[in-house]
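Structure first, then comments.
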Amino acid sequence: MQTLPTLTTSNTTGNQSTIDTTIKRRKTRSVKVGNVTIGGGYPIVVQSMINEDTLDIDGSVAAIRRLHEIGCEIVRVTVPSIAHAVALAEIKQKLIKTYQDVPIVADVHHNGMKIALEVAKHIEKVRINPGLYVFEKPNSKRTEYSKAEFDEIGEKIRETLAPLVISLRDQGKAMRIGVNHGSLAERMLFSYGDTPEGMVESALEFIRICESLDFRNLVISMKASRVPVMVAAYRLMAKRLDELGMDYPLHLGVTEAGDGEYGRIKSTAGIATLLADGLGDTIRVSLTEPPEKEIPVCYSILQALGLRKTMVEYVACPSCGRTLFNLEEVLHKVREATKHLTGLDIAVMGCIVNGPGEMADADYGYVGKTPGYISLYRGREEIKKVPEAQGVEELIKLIEADGRWVEP
């Protein structure tokens, strides 16, 4: 997939200014997950998760392949038991044999040491949830945690986590410490409340254990279903990491975002806000829909922010009384003809008033300047005027003439 070069904006005199409109990403270490690298300045990685039962070998292989073929670069699979961990070994081998070696993350939850140790033999990355990895059943009669009790559980966590850390360290594999707002451990809730601070401290406890064992192939996530909580948690996590001299990459996501238009808007509100801050090295949009529906949303977010360019960028006015053709219909025709291309900016503008100015950064422009005719532009230069009925066909010819056309 392509990434955009550094962009500049023009000042009022028409000269190029020194204002850089690219997002300045937080500097992080590189974490290898199979043949994909998270962080270290590499392009932001797109992830998703299959919803098949991992015991269904053929179904899981097919689901992973479907996601990977449409641009999902790392695929997560749930592993709730030892049987599922063993099945994942078969899934991995079948992928290699029938398709290719897709990077896989195993999702391990309640009391998961034995499961994680097994699955670490077979795949590139293990995701654990600090609130559930050593699961303590909440005590409704508890009113506080003493320091001794707090430290005792902390030591138990270390004993349970250490074998997995050592296994991943020695194999050169990775771990995601994935904190969820809705599943903080009881002692964190008592100490910090149901807050971003509690989420951050929960992650830091596990990070420090990993570092004490000389393991730093870590990715951190701070997911919540409420966007303000999610944004606050990630910002605080980044601040604390920087204060502590830690440069771990961040995995962004709004958990349980729902479905449809609102699910997409909710995910975008959280993920894009943080990406615009320069935070985030890998993302997952969590929709209550088939996983394949998540990938286009991820790429649209990244494209809109100028972080990855994987499709045509369409610039189009909203239409008004000055519009000289059916803008919605024409935009649809242009999109259908060119949507398979990569890396182009194409503007479709309804009239001459704002058209050339608003589309100045586009590679090609399609403008209604006079009734019944279309003016085609290359950049800021008007190339030719053609009958409206021939507009899309002539646009394709112009792209072909520039050597930028590929067949669908």
Side-chain angles (χ1 to χ4, degrees), residues 1-4 23 25 33 36 38 42-52 63-78 102-103 105 107 127 176 178 180-181 219 221-231 233-234 249-316 331-332 335-336 338-346:
M1 297 294 182
Q2 291 181 306
T3 55
L4 281 174
I23 291 169
R25 293 172 59 192
V33 183
V36 172
I38 297 173
Y42 281 80
I44 292 167
V45 175
V46 171
Q47 300 194 33
S48 185
M49 183 176 186
I50 66 169
N51 51 24
E52 276 74 11
I64 293 168
R65 179 169 180 168
R66 283 196 304 272
L67 280 172
H68 192 261
E69 286 178 336
I70 61 170
C72 181
E73 294 156 307
I74 297 176
V75 181
R76 186 152 53 106
V77 175
T78 187
V102 178
V105 181
D107 208 25
R127 183 261 172 153
R176 172 153 71 95
N180 271 13
H181 181 237
V219 179
S221 66
M222 300 272 112
K223 293 189 178 183
S225 59
R226 291 176 52 214
V227 171
V229 174
M230 172 261 197
V231 169
Y234 276 105
L250 299 176
H251 170 114
L252 304 185
V254 178
T255 191
E256 291 105 26
D259 66 347
E261 181 181 48
Y262 186 64
R264 287 161 172 77
I265 292 172
K266 189 174 180 180
S267 290
T268 301
I271 294 171
T273 297
L274 292 165
L275 289 174
D277 283 350
L279 304 180
D281 302 277
T282 177
I283 65 173
R284 190 246 172 135
V285 169
S286 300
L287 298 176
T288 312
E289 297 180 26
E292 294 86 351
K293 300 287 187 179
E294 299 177 356
I295 307 306
V297 187
C298 291
Y299 280 120
S300 293
I301 292 171
L302 295 174
Q303 172 118 351
L305 291 168
L307 290 167
R308 295 190 73 166
K309 191 153 189 175
T310 60
M311 52 191 159
V312 174
E313 180 85 11
Y314 295 98
V315 179
L331 177 59
H332 176 75
R335 188 191 303 274
E336 285 302 303
T338 60
K339 65 182 181 182
H340 65 286
L341 302 174
T342 299
L344 293 182
D345 291 351
I346 298 176

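The basis for the numbers below is simple: all heavy atoms, side chains too, and nothing from hydrogens, waters or symmetry mates.
- The minimum heavy-atom distance between G253 and Y234, with the atom names listed, is N-OH, 3.6 Å.
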Begin with the C-alpha distance, continue with both residues' side-chain angles, and end with the deciding distance and a verdict on side-chain contact (heavy atoms from CB on, under 4.5 Å) for V45 and D281.
-> CA-CA 6 Å; V45 175; D281 302 277; over 6 Å; no
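- The salt bridge (Lys or Arg N to Asp or Glu O under 4.0 Å) check on K293 picks up nothing, with sequence neighbours excluded.
- Counting heavy atoms of neighbouring residues, nucleotides and ligands inside a 6.0 Å radius, atom CZ of R25 exceeds 12 of them.
- Scanning for side-chain hydrogen bond (donor to acceptor under 3.5 Å, both in side chains) contacts around D277 gives R235, with sequence neighbours left out.
- Interatomic distance, NZ of K223 versus NE2 of H251, reported as 3.0 Å (0.5 Å rounding).
- Here Q47 contributes atom CD and R284 contributes atom CZ; the two are 9.0 Å apart, rounded to the nearest 0.5 Å.
- Distance check: I44 CD1 to L250 CG gives 10.5 Å after rounding to the nearest 0.5 Å.
- A salt bridge links R308 to E73: one of the charged nitrogens lies within less than 4.0 Å of a carboxylate oxygen.
- Other residues, nucleotides and ligands place no more than 12 heavy atoms under 6.0 Å from the NE2 atom of H332.
- Under a 3.5 Å cut-off, the side chain of E294 and the backbone N or O of L287 do form a donor-acceptor pair.
- Using modelled atom types, one side-chain atom of Y299 and one backbone atom of G71 make a donor-acceptor pair closer than 3.5 Å.
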Run the side-chain contact (heavy atoms from CB on, under 4.5 Å) check on R76 and L67 step by step: do they pass?
-> CA-CA 11 Å; R76 186 152 53 106; L67 280 172; over 6 Å; no
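- Shortest non-hydrogen contact noted between I23 and A276 is CD1-CA, 3.8 Å.
- Closest approach of T338 and Y314 over heavy atoms only: OG1-OH, 2.7 Å.
- Side chain of K266 to backbone of S225: a donor-acceptor contact under 3.5 angstrom is found.
- Closest heavy-atom contact between C72 and S48: SG-N, 3.3 Å.
- Looking at M230 and T273, their side chains never come closer than 4.5 Å, going by heavy atoms from C-beta outward.
- Residues A269 and V227 share a closest heavy-atom pair of C-CG1, 4.1 Å.
- A distance of 5.5 Å separates OG1 in T78 from CG in D107, rounded to the nearest 0.5 Å.
- The salt bridge (Lys or Arg N to Asp or Glu O under 4.0 Å) search around R66 returns E52, E292, not counting sequence neighbours.
- Applying side chain to side chain contact (heavy atoms under 4.5 Å, CB included) to L302 and the options V46, V297, I271 leaves one that passes, V46.
- Considering only heavy atoms from C-beta on, I38 comes within 4.5 Å of I74 through its side chain.
- Side-chain contact between R264 and V285: absent, with no pair of heavy atoms (C-beta onward) separated by less than 4.5 Å.
- Within the 4.5 Å cutoff, the side chain of T282 has no heavy atoms near those of the P249 side chain.
- Looking at every heavy atom in both residues, A63 comes nearest to I50 through CB-CG2, 3.7 Å.
- One distance of note links OG1 of T342 with CD of E313; it measures 13.0 Å at 0.5 Å rounding.
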